[in-house]
Every structure is written in C-alpha cells, then in structure tokens.
Amino acid sequence: MSPVSSSRQLLREPAPGLVPRVVAWFEDAARDLPWRHADRTPWGVLVSEVMLQQTPVVRVEPVWREWLRRWPAPADLAAAPTADVLRAWGRLGYPRRALRLQDCARAIVERHDGTVPDDEGALLALPGIGEYTAAAVRAFAFGRRSVVVDTNVRRVLARTLGGTALGAPSPTAAERSLAADTAPLDDATAARWAAASMELGAVVCTARAPRCHACPVADLCAWRAAGHPPDEHAHRRRTQAWHGTDRQVRGRVMAALRAADAPVPRALLADSGPDPVQVDRCLGGLVEDGLIEQDEAGRFHFPA
DNA sequence: AACCCGGGGGC
DNA sequence: GCCCCAGGGTT
C-alpha cells in the first residue's frame, strides 16, 4: 500500500484498528453456519437472510437445511405448492416472509433466468428484499462491497464509536453514513467486515449482557470507556404487545392449519382467540394477505 | 415516521 | 414478565 492511500485510509477510518481487529477475531470465532460453508449458493444465502429477519440463528438453521434440501434452486421453490411452503416455514414467525420468498423465487426465475442477481438494485426490486438483505446477499453470496446495517452492526458502531449503549430507535442517516465510512473500500475486506461486525454483535457485543472480556476491541470501545452509560432512548422504545393481540390469534390460526391435513371449519378455529369478532377479523386479514383461503363450504386451508 | 406483522428463549 | 432477535411493506 502506498503512503498516499495509507494516509487516506487512516483519515477515512473512524477508529484505527477497529476493522482489522474485528475481522481478525472473526477468522477464529466465526460460528460454523451452513450458509457460510464453501459449497454455499447465492440462493442459499438469500434464503438464510430472509429467514434471519427477526428470527434467531438457532431456530433458522434446521428449517434452512430442510428448505434447501427440498428447494435447492429458485425454480424449485417457484414451482412448489404454497401450502407446502407455508408448512415448511413452520414456526419461524412472520409467515408473510414465506409468501414473499416464494414470490421472490418466481421473480428470479422470470427476471433473471433463475439466477440470483448480484446487482444491488435488482436485489432490492425483489419481493421481501429490503435495504439490509440486498446488502447482505451482495456481501455474503458474492463477496462484493456493500454497507450492511443491521441491528448488530448498529449496536457495535454505537458502542465502539458513538459511546452509547444502543443505536437510535430506528436507523438514522447518521448511522448509515458512519457505517459507510467504516466499511473498507475493497470488496473482499468489506464483505469480511460485514460478516465480522454482525458476528461480534451477535455473540459478544450483545444487547443485554455484553461479554466485554471476550471483545477484541474492548480497549478502544467508547461506550466501555465511558463506563457503560445506560440507553438514552430507553423511554422511547415500545415493546410490542403480544398477549391478546391479532398477531397472537393469527399465529394460532396458522398453527391450527399447519396441524391439519384437511380444510378446517370455522368452528374448529374458535379457540384461536377469546373474541369471535377478533377471530373473524384475523381470518379476514390472513385471507387478505394470501396466507389462507376459504372453500365453498366455508372451511379454511392454505393456498395450493 | 409510525404501524403492522410471530414466536421463542434468556434473563 | 420484559426484552431481544441478520427487517420489510404499507400508510
């Protein structure tokens, strides 16, 4: 590296040492996850990223394995009965993701000849692929530079560089800018940094009980240096209600249909919630979302 | 920007 | 019981 590019790098880098040390730590500490194996495919990476949206790794892994066994390529999922797709999704949660993943597979077949695109714009245009997932697929499937800003990266940067316990309640332009400035310029290192910073947040720099003693950059962490001040946005974070909500009722309906091998009459779904009006509202919503259908006899089932 | 959308496990 | 989790889509 020339002196000129070296000084540029140093000036650009918010905290000298952060990136190389986290990347070096990752070389040893990386969890052995199937979508990281050498024989991974872009499709497998994409599927993992969609499943990992709001669902922890330990619950995704077995479903991912079975999923890739059954539908190893986008064309396979595109051709599958939607009922099979929703059953295979199981209890990962947010089942609309399963519908979007199948729509995504169909779009890949139609627009890209069955091959996962490596272009960020093309990825973003696919159903269920947002800013984070497009960047992640580019980095992890294709080894390309992209700025990955997930909840882990936001927390790691907030702590090490910002000196705060957590990021803002929702991602800000300042956070994206900081992440962009932190990401190395070359493809290979940027892709490693993306994976490494996420991993650090997932297993060491965790939200609840961070393991600072095991952190490769504890000595340069601004949050640790400041004495671990509490989250200044705590009063603004709303924890989502669960008991008695439509989401809980919808989940019970989906679980009942997964357990059934034939269309289910409305009467057998009554215990999905205490309030019949709410149950009907949720059934209507699930139909609206394309997650369930109603036959001539009024019984509910998954789409064919 | 705010809201909706599952489900489970750690503490 | 509370909080968090490799977010996306809609309004």
Side-chain angles (χ1 to χ4, degrees), chain A residues 26 30-31 33-36 44-64 86 89-101 103-104 123-141 146-156 165-173 179 191 194-203 205-211 230-231 233-258 272-273 281-282 285-286 288-291:
Chain A
F26 182 65
R31 289 169 293 179
L33 304 174
W35 46 86
R36 288 176 174 169
V45 171
L46 188 154
V47 171
S48 77
E49 291 302 337
V50 171
M51 289 182 173
L52 287 164
Q53 294 167 0
Q54 301 291 287
T55 304
V57 166
V58 288
R59 290 171 50 204
V60 164
E61 190 165 345
V63 179
W64 182 91
L86 290 173
W89 192 258
R91 295 181 298 184
L92 290 183
Y94 296 128
R96 293 188 295 192
R97 288 184 292 164
L99 290 185
R100 294 199 187 107
L101 187 52
D103 287 341
C104 178
L123 284 165
L124 262 178
L126 295 170
I129 309 297
E131 185 181 348
Y132 161 75
T133 306
V137 169
R138 243 178 90 76
F140 305 148
S146 63
V147 180
V148 175
V149 186
D150 79 321
T151 186
N152 292 305
V153 174
R154 294 179 60 217
R155 186 173 54 250
V156 167
L166 297 173
S170 57
T172 65
S197 55
M198 288 174 59
E199 189 82 349
L200 187 69
V203 306
C205 193
T206 55
R208 213 101 40 108
R211 303 166 54 210
D231 173 27
H233 298 104
H235 61 285
R236 289 199 51 221
R237 301 185 198 276
R238 291 284 166 87
T239 130
Q240 297 173 331
W242 172 244
H243 293 286
T245 62
D246 284 8
R247 293 163 66 184
Q248 184 179 39
V249 173
R250 286 168 57 106
R252 288 185 182 139
V253 170
M254 292 296 289
L257 293 199
R258 282 197 305 271
S272 299
R281 179 174 68 242
C282 289
L286 290 167
E288 190 72 20
D289 288 343
L291 284 165

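A note on names: the letters A, B, ... follow the listed sequences, proteins ahead of strands, and every chain is numbered from 1.
At least one side-chain nitrogen or oxygen of A:Arg155 sits closer than 4.0 Å to the OP1 or OP2 atom of C:dC5. Using a 4.0 Å cut-off, some side-chain N or O of A:Thr151 falls inside it from OP1 or OP2 of C:dC5. At the phosphate of C:dG7, neither OP1 nor OP2 sits under 4.0 Å from any side-chain N or O atom of A:Gln53. Contact annotation: A:Thr133 side-chain N/O to C:dG8 OP1/OP2 distance is under 4.0 Å. Residue A:Arg250 has a polar side-chain atom (N or O) positioned under 4.0 Å from OP1 or OP2 of B:dG6.
The interatomic distance linking A:Gln240 (CD) with C:dG8 (C1') rounds to 13 Å, in whole Å. Distance, A:Arg281 CZ to B:dC5 C1': 14 Å, rounded to whole Å. Put simply, CZ on A:Arg154 is 13 Å from C1' on C:dC5, counting in whole angstrom units. A:Leu86 has its CG atom 17 Å from the P atom of B:dC5, to the nearest Å. A:Asp231 has its CG atom 18 Å from the P atom of C:dC2, to the nearest Å. As rounded to whole Å, 11 Å separates atom P of B:dG7 from atom CG of A:Leu291. One atom, CG of A:Leu166, and another, P of C:dC4, lie 7 Å apart when rounded to the nearest Å.
Only the P atoms considered, C:dA6 is 24 Å distant from B:dC4, to the nearest whole Å. Nucleotides C:dC3 and B:dG6, compared at atom C1', are 15 Å apart to the nearest Å.
Ion pairing between a basic and an acidic side chain is recognised when a charged N comes within 4.0 Å of a carboxylate O; A:Arg31 and A:Glu61 show no such pairing.
Position along DNA chain B of the nearest nucleotide to A:Val58 versus A:Arg236 favours A:Arg236 as the more 5'-ward residue. Checking A:Pro56 against A:Gly130, the closest nucleotide of DNA chain C that is more toward the 5' end is the one next to A:Pro56. Residue order along DNA chain C, read from the 5' end via each residue's closest nucleotide, puts A:Phe140 first among A:Phe140 and A:Ile129. Nearest-nucleotide positions on DNA chain B place A:Pro171 closer to the 5' end than the other of A:Pro171 and A:Ala255.
Looking at A:Thr55, its side chain has no donor and acceptor atom pair within 3.5 Å of the base of B:dG7. Looking at A:Arg208, its side chain has no donor and acceptor atom pair within 3.5 Å of the base of C:dC4. Remark: the A:Arg91 side chain and the B:dG7 base include no donor-acceptor N/O pair separated by less than 3.5 Å. For C:dG9, the base has no donor-acceptor partner in the side chain of A:Arg96 [N/O atoms by modelled type, under 3.5 angstrom].
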Both atom distances under 3.5 Å, Watson-Crick or G-U wobble: I'd like the secondary structure of DNA chain B as a dot-bracket string, with | for pairs made across strands. |||||.|||||
